[in-house]
Amino acid sequence: MSETPAEARSLNFLEEIVEADLKSGKCESIHTRFPPEPNGYLHIGHAKSICLNFGLALKYAGKTNLRFDDTNPVKEETEYVDSILEDVRWLGFQPAHIFYASDYFEKLFELAVRLIKKGLAYVDDSSSEEIALQKGSPTEAGVENEYRSRSVDENLRLFQEMRDGRYADGQKVLRAKLDMSSPNMHLRDPILYRIKHAHHHRTGDSWCIYPMYDFAHGQSDSIEHITHSICTLEFVPHRPLYNWLIEKLEIFPSRQYEFARLNLTYTVMSKRKLLQLVNEQFVSGWDDPRMPTISGLRRRGYTAESIRHFTERIGVQKRDNLIDVSLLEFCIRENLNKTALRKMVVFDPLKLVISNYPDTVEMLSSEDYPEGAEINSSRELPFSRELYIEREDFMEEPPKKFFRLSPGKRVRLKSAYIIQCEEAIKDASGKITELRCTYLPESKSGADSSGLKVQGTLHWVSAPHAINIELRLYDRLFKVENPGSEDGDFKEYINPDSLQVLTHAVAEPSLRNAKFNQGYQFIRKAYFCLDKDSSEEKIIFNRTVSLKDAWAKEVKKG
RNA sequence: UGCCCGAUAGUAUAAAGGUAGUACGACAGAUUUUGAUUCUGUUUGUCGAGGUUCGAAUCCUCGUCGGGCAACCA
């Protein structure tokens with residue numbers, strides 16, 4: 001595919017920065033990084049960051065590291081590290097290196113010592129409450145305390161003692177000596193190190209002091225020679241500190257750039273909230289198919305390609321945004337339309353008997369992909385006298401434009417024959433239990449000499465050959481577009497009908513051999529994928545996304 | 001109300017002082033053995049007021065609105 005000049009000029013602001021830096025010689029090649037804290041599962045917002053960081057490096061022949069920002073031992077777990085590794089790879093990216101901030105604890109300690117020696121950091125004995133108080137407020141300057149004037153030697157000794165475990169949690173911290181009256185709160189002598197006698201998932205008990213984000217992130221970037229450190233907007237106020245530390249430490253000058261995080265309608269996108277949904281069991285886990293996590297989307301049937309494509313389409317900017325989830329749905333439909341195997345599944349079966357069809361079984365061929373698809377294959381389907389069709393595909397008194405079955409009307413059974421409805425059998429309560437139809441032998445699919453045109457085509461399953469499957473139909477997790485911005489607890493806005501389980505669906509027999517990592521389209525209904533809960537005895541499918549439904553819209557209009 | 005970031009159709013995103021374009025959505029139609037897909041068409045936009053300029057979405061000023069910042073979290 002060749003790009004037109006117009007497209008080539010349409011770069012996002014990060015690409016513009018990179019091109020300018022490459023052109024000016026500010027850097028020879030670019031080096032980015034994706035730096036998650038392993039305190040939760042990755043979500044689609046992280047996918048945006050991943051695609052951005054890896055995408056930039058791919059486009060400009062650079063490198064991208066995966067770095068775990070594991071500086072807070074009480075929140076981080078190996079389970080999360082493993083899931084992040086899996087999700088990044090699944091998305092299709094190969095990190096140049098995999099690092100951990102904890103790899104740098106010793107170096108970071110040395111850097112802190114360097115800062116103390118320059119008289120730019122001091123050990124503070126104040127409690128966290130006192131420090132908060134002394135910090136002032138956005139409109140009031142902070143005040144300097146007595147510890148701020150400690151000598152370099154005393155600071156050096158005290159910091160070493162902190163490391164040696166001589167103090168309890170909270171007793172002392174190391175702070176940068178900056179400006180207690182700065183209008184930027186982050187510059188009011190930020191804490192660099194705190195004492196935590198906690199077990200770290202990688203370094204175990206060898207450390208009892210841990211660097212804060214501001215004294216780990218930029219320094220790790222610098223150690224890895226990251227040229228473009230791309231993060232989200234909430235870190236903008238940290239940038240002056242990021243640069244100050246690099247300057248004073250005289251280390252590799254990584255530069256930070258910020259973009260707006262992704263927000264999606266009808267979901268929440270913060271690890272804190274997602275963790276609540278998991279812990280309070282509003283969902284079955286991090287990989288519940290309703291979750292916006294990468295593992296949830298994967299289980300739901302989203303492909304990595306569709307997610308990558310989605311992140312390209314939403315673009316990247318510095319303004320806050322709320323992306324319509326219909327764009328994500330468009331991306332997966334677009335992808336699955338090309339790759340999903342077509343199958344026939346009846347969600348809500350209604351028996352249909354073809355009275356003039358012999359008591360035999362006929363094998364009929366049906367295409368696996370739609371006409372015009374790159375792949376072209378077909379499968380054999382058993383057809384017999386007794387079938388199931390969708391209950392909603394029959395109406396005794398049809399409204400206008402109802403192209404399906406009703407008494408006396410004709411429809412085609414997909415890949416089979418044209419049938420005509422003769423009679424609806426009801427039980428004592430008036431519920432329809434069975435349809436009696438006749439078929440036109442000369443209307444066989446592919447060899448139709450009947451000359452008849454019908455308006456509707458229905459999917460069906462041969463009753464004696466049908467297999468029972470469970471269908472899990474997912475809907476949006478929240479009832480409102482932006483649950484995070486509503487008043488009160490976001491959990492009040494959870495959609496109580498976000499999961500509907502159909503246990504009596506029937507499917508064509510080929511679905512007994514359904515595979516994981518294969519998309520299926522249950523024709524006229526929706527895209528599905530096999531769920532991990534599936535077994536030989538119980539075959540379970542997750543609805544990825546429904547097909548667009550013009551008839552449903554028509555009905556809604558009334 | 002101190003500092004910082006931002007504002008282009010319903011939602012996103014282009015236009016680098018020179019025709020406001022694209023995608024999704026919505027709506028209408030054509031094709032269709034999936035009411036899917038595909039195709040065609042329609043719809044709606046530069047936050048406001050000044051200024052600079054032959055010319056402003058773009059530059060300047062003042063507003064307005066939205067978001068972020070006062071964790072020993074990242």
Side-chain angles (χ1 to χ4, degrees), chain A residues 6-7 9-12 16 35-37 39 69-72 74-76 124 126-128 131-132 135-142 169-175 182-188 191-196 210 212-214 216-217 231 233-240 258 260 265 271-272 313-331 333-334 337-338 342 344 366-367 370-373 401-404 411-416 418 443 445-446 448 454-459 481 521-526 546-554:
Chain A
E7 280 168 341
R9 201 168 58 242
S10 184
L11 303 171
N12 67 47
E16 283 178 5
E37 183 190 13
N39 67 344
D69 223 341
D70 55 351
T71 56
N72 186 1
V74 300
K75 287 170 106 183
E76 296 147 10
D124 193 329
S126 310
S127 67
S128 71
I131 288 177
K135 251 189 187 168
S137 72
T139 51
E140 281 172 288
D169 290 9
Q171 238 182 318
K172 284 181 166 46
V173 290
L174 183 73
R175 291 228 256 168
S182 170
N184 181 344
M185 297 297 291
H186 291 283
L187 264 29
R188 319 247 263 229
I191 293 170
L192 267 23
Y193 265 90
R194 77 289 214 191
I195 299 170
K196 270 184 200 278
Y210 293 93
M212 296 286 288
Y213 167 84
D214 286 305
H217 199 102
C231 62
L233 245 27
E234 66 267 28
F235 293 99
V236 170
H238 293 251
R239 181 159 20 99
E258 311 87 6
T265 55
K271 278 189 195 170
R272 206 191 90 246
R313 281 172 181 263
I314 59 175
V316 53
Q317 254 307 334
K318 295 185 76 132
R319 45 181 174 253
D320 293 325
N321 60 76
L322 179 62
I323 309 278
D324 199 323
V325 73
S326 64
L327 181 61
L328 216 211
E329 292 175 346
F330 167 80
C331 290
R333 285 196 189 103
E334 182 188 45
N337 180 46
K338 294 183 204 136
R342 310 293 127 134
M344 292 213 263
S366 190
E367 63 275 17
E371 208 180 333
K401 292 200 244 177
F402 185 80
F403 300 152
R404 309 176 185 186
V411 293
R412 172 171 292 281
L413 294 175
K414 171 75 179 168
S415 300
I418 291 175
S443 67
S445 184
D448 187 349
V454 291
Q455 288 191 108
T457 300
L458 307 186
H459 60 283
E481 277 204 336
Q521 187 200 90
F522 297 169
I523 62 166
R524 300 212 305 135
K525 300 298 273 183
S546 59
L547 254 34
K548 281 212 248 171
D549 190 346
W551 173 243
K553 270 184 191 171
E554 188 70 32

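- The base of B:U1 is not paired with the side chain of A:T139 by any donor and acceptor separated by under 3.5 Å.
- If you take NZ of A:K525 and P of B:U34, they are 16 Å apart, rounded to a whole angstrom.
- Both A:D169 and A:G446 lie near RNA chain B, and the one whose nearest nucleotide falls closer to the 5' end is A:G446.
- In this structure, of B:A23, B:C27, B:C72, it is B:A23 that holds the atom nearest to the side chain of A:R313.
- With contacts defined as side-chain heavy-atom distances shorter than 4.5 Å, the pair A:F235/A:H217 does not qualify.
- Spacing of C1' atoms, B:A26 relative to B:G63, comes out at 35 Å, to the nearest Å.
- The gap from the C1' atom of B:C62 to that of B:U19 amounts to 31 Å, rounded to the nearest Å.
- Out of B:U13, B:U33, B:G35, the shortest distance to the side chain of A:R412 is found at B:U33.
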Short N/O separations, protein against nucleotides 63-69 of chain B, under 3.5 angstrom:
residue	atom	partner	partner atom	Å
B:G67	O4'	A:D320	OD2	3.4
B:G67	O2'	A:D320	OD2	3.3
B:C69	O2'	A:H186	NE2	3.0

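- Checked against the 6.0 Å centroid threshold, A:H238 and A:Y213 count as a close aromatic pair.
- Between A:D214 and A:V236, the residue anchored nearer the 5' end of RNA chain B, judged by the nucleotide with its closest heavy atom, is A:V236.
- Distance noted for atom C1' between B:C39 and B:U32: 11 Å (whole Å).
- Residue A:Q317 is classed as a sugar-phosphate contact, given heavy-atom separations below 4.0 Å to backbone atoms only.
- When rounded to the nearest whole Å, the span between CG of A:L322 and P of B:G6 equals 20 Å.
- When heavy atoms are screened at a 4.0 angstrom cut-off, A:R188 is found touching no nucleic acid atom at all.
- Using a 4.0 Å cut-off, no side-chain N or O of A:R272 falls inside it from OP1 or OP2 of B:A74.
- Inter-residue side-chain proximity for A:L192 and A:M212 is flagged as unmet; no heavy-atom pair is nearer than 4.5 Å.
- Backbone-only contact: A:K196 has heavy atoms under 4.0 Å from sugar-phosphate atoms and none from a base.
- In this structure, A:S126 reaches the bases: a heavy-atom distance under 4.0 Å links it to at least one base atom across the strands shown.
- One can place CD of A:Q455 at 15 Å from C1' of B:A30, the figure rounded to the nearest angstrom.
- A salt bridge links A:R239 and A:E258; the closest N-O separation between the charged side-chain nitrogens and carboxylate oxygens is under 4.0 Å.
- For B:U37, its base never sits under 3.5 Å from the side chain of A:R333 at any donor and acceptor pair.
- Regarding contacts with the backbone of B:A71, every side-chain N or O of A:K135 stays at 4.0 angstrom or more from both OP1 and OP2.
- When the P atom is used for both B:C65 and B:C59, the distance is 23 Å, rounded to whole Å.
- In this structure, of B:U8, B:C72, B:A26, it is B:A26 that holds the atom nearest to the side chain of A:K553.
- The distance from atom CG of A:D324 to atom P of B:C24 is 13 Å, rounded to the nearest whole Å.
- Which of B:C73, B:U8, B:G35 sits closest to the side chain of A:E37 comes down to B:C73.
- Side-chain contact annotation: A:N184 with A:S182, donor-acceptor N/O pair under 3.5 Å absent.
- The aromatic ring of A:Y213 does not stack onto the base of B:A74, failing the criterion of a centre distance under 5.5 Å from the six-membered base ring together with planes under 30° apart.
- Side-chain contact between A:K525 and A:L547 is absent, with no heavy atoms from C-beta onward closer than 4.5 Å.
- Between A:K548 and B:U37 there is a side-chain N or O to OP1 or OP2 distance below 4.0 Å.
- Whole-Å rounding puts the A:I191 CD1 to B:A74 P distance at 11 Å.
- Minimum atom distance to the side chain of A:I523 is reached by B:U34, of the listed B:A36, B:U34, B:A7.
- With hydrogens and angles ignored, no donor-acceptor pair closer than 3.5 Å exists between the side chain of A:R524 and the base of B:U34.
- Nucleotide B:A36 holds its P atom 15 Å from the CZ atom of A:F330, rounded to whole Å.
- Within 4.0 Å of A:F402, counting heavy atoms only, lies at least one base atom of the nucleic acid.
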*Run the salt bridge (Lys or Arg N to Asp or Glu O under 4.0 Å) check on A:E367 and A:K414 step by step: do they pass?*
CA-CA 10 Å; A:E367 63 275 17; A:K414 171 75 179 168; 2.8 Å; yes
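- Distance check on atom P: B:G21 versus B:U42 gives 12 Å, rounded to whole Å.
- Rounded to a whole angstrom, the distance from the P atom of B:A9 to that of B:G45 is 9 Å.
- Contact check for A:W551 versus A:K401: side-chain heavy atoms found under the 4.5 Å cut-off.
- Spacing between B:U43 and B:G25 at atom C1', rounded to whole Å, works out to 12 Å.
- Checked against B:A12, B:G35, B:A71, the side chain of A:A132 finds its nearest nucleotide in B:A71.
- Taking side-chain N and O atoms only, A:T71 has a distance below 4.0 Å to OP1 or OP2 of B:A74.
- Taking the P atoms as reference points, B:A49 lies 12 Å from B:U58, given to the whole Å.
- Counting only heavy atoms from C-beta on, A:E16 has its side chain closest to B:A16 among B:C72, B:A70, B:A16.
- At least one side-chain heavy atom of A:S546 sits less than 4.5 Å from a side-chain heavy atom of A:R333.
- A:S326 comes within 4.0 angstrom of the backbone, heavy atoms only, and of no base.
- Using a 4.0 Å heavy-atom cutoff across all strands shown, A:S127 reaches at least one base atom of the nucleic acid.
- In terms of heavy atoms, A:P370 sits closest to A:R342 at CD-CZ, 3.4 Å.
- The listed nucleotides are B:U34, B:G35, B:G6; the one nearest the side chain of A:L547 is B:U34.
- As rounded to whole Å, 12 Å separates atom C1' of B:A74 from atom CG of A:D70.
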